[in-house]
There are 2 protein chains.
Amino acid sequence: MAIGRPRTFDRDTALDQAMEVFWRHGYEGATIAQLTDAMGINPPSLYAAFGSKEALLRAALDRYTARREAWMDEVLSAPTAREVTSRMLMGVAEKQTDPANPPGCLLVQGGLACGSGSANVPFELAARRAQTEEQLRHRFERAKDEGDLASGADPAALARYVSAVITGMSVMASSGADCEALAQVAAVAVKSVEDQSVRA
Amino acid sequence: MAIGRPRTFDRDTALDQAMEVFWRHGYEGATIAQLTDAMGINPPSLYAAFGSKEALLRAALDRYTARREAWMDEVLSAPTAREVTSRMLMGVAEKQTDPANPPGCLLVQGGLACGSGSANVPFELAARRAQTEEQLRHRFERAKDEGDLASGADPAALARYVSAVITGMSVMASSGADCEALAQVAAVAVKSVEDQSVRA
DNA sequence: CCACATTTGTAGCGAGCACTACAATATGGA
DNA sequence: TCCATATTGTAGTGCTCGCTACAAATGTGG
């Protein structure tokens with residue numbers, strides 16, 4: 001049996017380029033021409049490999065979260081809720097202003113509101129953002145069980161709060177805030193969690 | 001001198017309808033067809049009255065901020081920095097989940113990232129968001145002068161923080177969070193400002 | 001070397017986009 | 001009444017969008 005002509009591009013490398021385009025221009029703002037140009041391939045290759053623009057976005061999102069997984073694990077492994085929050089928010093301040101990537105977070109920049117033709121994209125992104133909140137919630141629940149968070153603390157509310165701050169920082173980063181400005185925001189936010197921590 | 005055929009629609013009413021479309025679908029996601037449909041007019045009337053899609057957005061943004069001006073004044077007139085923050089964030093929680101409007105904030109939903117053709121829209125929105133931050137900063141500076149905020153407090157950082165929380169809440173609202181969930185976030189955030197307040 | 005399977009580049013599809021030309025219509029002033 | 005001015009509705013304009021038909025190219029198995 002014949003195997004066929006081999007692909008001349010690396011799927012993951014192309015996906016990284018596509019991720020950057022979506023990140024910078026949003027889902028709707030990114031055109032197939034920009035994507036194929038950045039990926040170094042032609043439209044038929046894109047569609048053969050990924051299926052559609054929306055499927056390409058999902059593949060890019062998968063890669064995006066996979067790239068951050070190791071970092072997230074490290075953050076969540078911090079000993080206390082306060083330390084988790086601090087690492088998280090300070091790390092976010094750095095990552096969202098890293099010149100190696102477009103500013104902000106792909107899960108926000110991708111698109112909060114879309115035209116009628118791609119109304120499910122915002123849902124997709126929201127669902128992925130919710131995953132981070134849930135990870136934080138689990139971690140804070142554990143912290144409460146361990147007596148690290150005060151008995152009156154609400155892990156779900158705290159996780160939602162930290163998640164909201166992250167999103168706010170992301171938007172600020174996308175509109176030009178530098179790392180220092182974000183770090184100031186993070187510092188204020190960390191204190192909120194500190195307040196609900198059991199002092200040692 | 002002749003005056004011409006009178007306009008059959010009310011400019012501000014039409015602007016309100018346009019605002020809602022931009023709010024719900026974002027600048028790029030909103031089509032002229034949707035806008036004219038919602039406004040109850042035809043494209044030539046739209047272009048005669050507003051000039052272009054982007055100019056229509058700016059007019060809608062002007063109206064948006066004008067609508068909130070009275071509320072902002074009331075918020076900023078609160079006696080203390082803590083009270084300002086509380087009124088602000090609790091009010092935001094309500095307003096961003098008010099079923100009379102699309103969820104979230106137009107200044108965020110309008111578009112964080114756009115295609116190359118409308119790259120200045122995100123800047124326009126960011127500039128308008130920055131105005132709120134600046135108003136807060138001025139208010140917090142006054143609070144510091146009045147001895148209401150601790151002498152070590154940084155009004156600019158606090159304003160940036162509150163602004164970030166508002167933006168985060170806005171994104172959460174746009175992805176379905178209800179008023180109660182936002183109020184929980186607001187409550188945690190208010191404490192951060194409380195921490196830097198001089199206890200009475 | 002041939003047959004097959006798959007990818008590649010070119011070129012272009014129909015649809016929808018922001019925007020407008022144009023003629024009909026409706027007012028106020030001379 | 002008739003002109004000047006402005007808005008209205010119809011019907012498009014050229015353009016770009018996401019996506020694809022098709023044939024040439026490039027590999028493997030027999």
Side-chain angles (χ1 to χ4, degrees), chain A residues 1-15 17-19 21-22 24-60 110-111 113-122 124, chain B residues 1-15 17-19 21-22 24-60 110-111 113-122 124:
Chain A
M1 272 305 178
I3 293 298
R5 177 172 176 171
R7 178 174 284 163
T8 61
F9 64 95
D10 178 63
R11 200 192 128 103
D12 283 343
T13 306
L15 215 39
Q17 306 305 319
M19 188 197 303
V21 175
F22 282 133
R24 182 154 279 133
H25 298 290
Y27 175 75
E28 289 198 298
T31 69
I32 296 293
Q34 284 175 319
L35 289 164
T36 53
D37 199 44
M39 297 164 91
I41 61 179
N42 294 310
S45 300
L46 189 156
Y47 282 89
F50 301 102
S52 72
K53 187 185 176 186
E54 204 166 318
L56 174 63
L57 173 71
R58 273 192 287 269
C114 276
S116 313
S118 38
N120 40 335
V121 167
E124 177 84 32
Chain B
M1 273 305 177
I3 294 294
R5 177 172 177 173
R7 179 172 282 161
T8 62
F9 64 96
D10 178 63
R11 200 191 129 103
D12 284 342
T13 306
L15 215 38
Q17 306 304 319
M19 188 197 303
V21 175
F22 283 132
R24 182 154 278 134
H25 297 290
Y27 175 74
E28 289 198 297
T31 69
I32 296 292
Q34 284 174 322
L35 288 164
T36 53
D37 199 44
M39 297 164 90
I41 62 178
N42 294 311
S45 300
L46 188 157
Y47 283 90
F50 301 102
S52 70
K53 186 185 176 187
E54 205 166 317
L56 174 62
L57 173 70
R58 274 191 286 270
C114 276
S116 313
S118 39
N120 39 337
V121 167
E124 177 83 32

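Residue numbering restarts at 1 for every chain, and letters A, B, ... go by the order of the sequence lines.
- Atoms CZ (F9(A)) and P (dA25(D)) sit 20 Å apart, rounded to a whole Å.
- For dT7(D), the OP1/OP2 oxygens have no side-chain nitrogen or oxygen of S45(B) closer than 4.0 Å.
- Applying the side-chain hydrogen bond (donor to acceptor under 3.5 Å, both in side chains) test to S52(B) and every residue at least two apart in sequence or in another chain returns nothing.
- One can place CD of Q34(A) at 13 Å from C1' of dG18(D), the figure rounded to the nearest angstrom.
- Scanning both residues, T36(A) and N42(A), for their nearest heavy atoms gives CG2-C, 3.9 Å.
- Per the geometry, CG belonging to D10(A) stands 15 Å off P belonging to dT7(C), to the nearest Å.
- Between E28(A) and Y27(B), every side-chain heavy-atom pair lies at or beyond the 4.5 Å cut-off.
- Summarising the geometry, the separation between CD1 on I41(A) and P on dT8(C) is reported as 7 Å, rounded to the nearest angstrom.
- P122(B) and A119(B) get closest at one heavy-atom pair: CD-O, 3.3 Å.
- Between dA25(D) and R5(A), no contact under 4.0 Å exists linking OP1 or OP2 to a side-chain N or O.
- The shortest distance between the side-chain N/O atoms of T8(B) and the OP1/OP2 oxygens of dT8(D) is below 4.0 Å.
- Rounded to an integer number of Å, the gap from N42(B) CG to dA23(C) C1' is 14 Å.
- Atom-to-atom, CZ of R11(A) to P of dT6(C) comes out at 17 Å; the value is rounded to the nearest Å.
- Atom CG of D37(B) sits about 12.5 Å away from atom CD1 of I32(B), to the nearest 0.5 Å.
- Rounded to whole Å, atom C1' of dT7(D) lies 15 Å from atom CE of M39(B).
- When each of dT26(D), dT7(C), dT27(C) is scored by its nearest atom to the side-chain atoms of R7(A), the top-ranked nucleotide is dT7(C).
- Closest of all the heavy-atom pairs between A60(A) and L15(A) is N-CD1, 3.9 Å.
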Measure all distances between protein nitrogen or oxygen atoms and nitrogen or oxygen atoms of nucleotides 18-21 of chain C, and list the pairs falling under 3.5 Å.
from	atom 1	to	atom 2	distance (Å)
dA18(C)	OP1	A30(B)	O	3.1
dA18(C)	OP1	K53(B)	NZ	2.9
dA18(C)	OP2	I32(B)	N	2.7
dC19(C)	OP2	Y47(B)	OH	2.7
dC19(C)	OP2	K53(B)	N	3.0
dC19(C)	O5'	Y47(B)	OH	3.2

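- For A14(B), the side chain to side chain contact (heavy atoms under 4.5 Å, CB included) partners two or more places apart in sequence, or in a different chain, are F9(B), M39(B).
- Atom CD1 in I3(A) sits about 16 Å away from atom P in dT8(C), given to the nearest Å.
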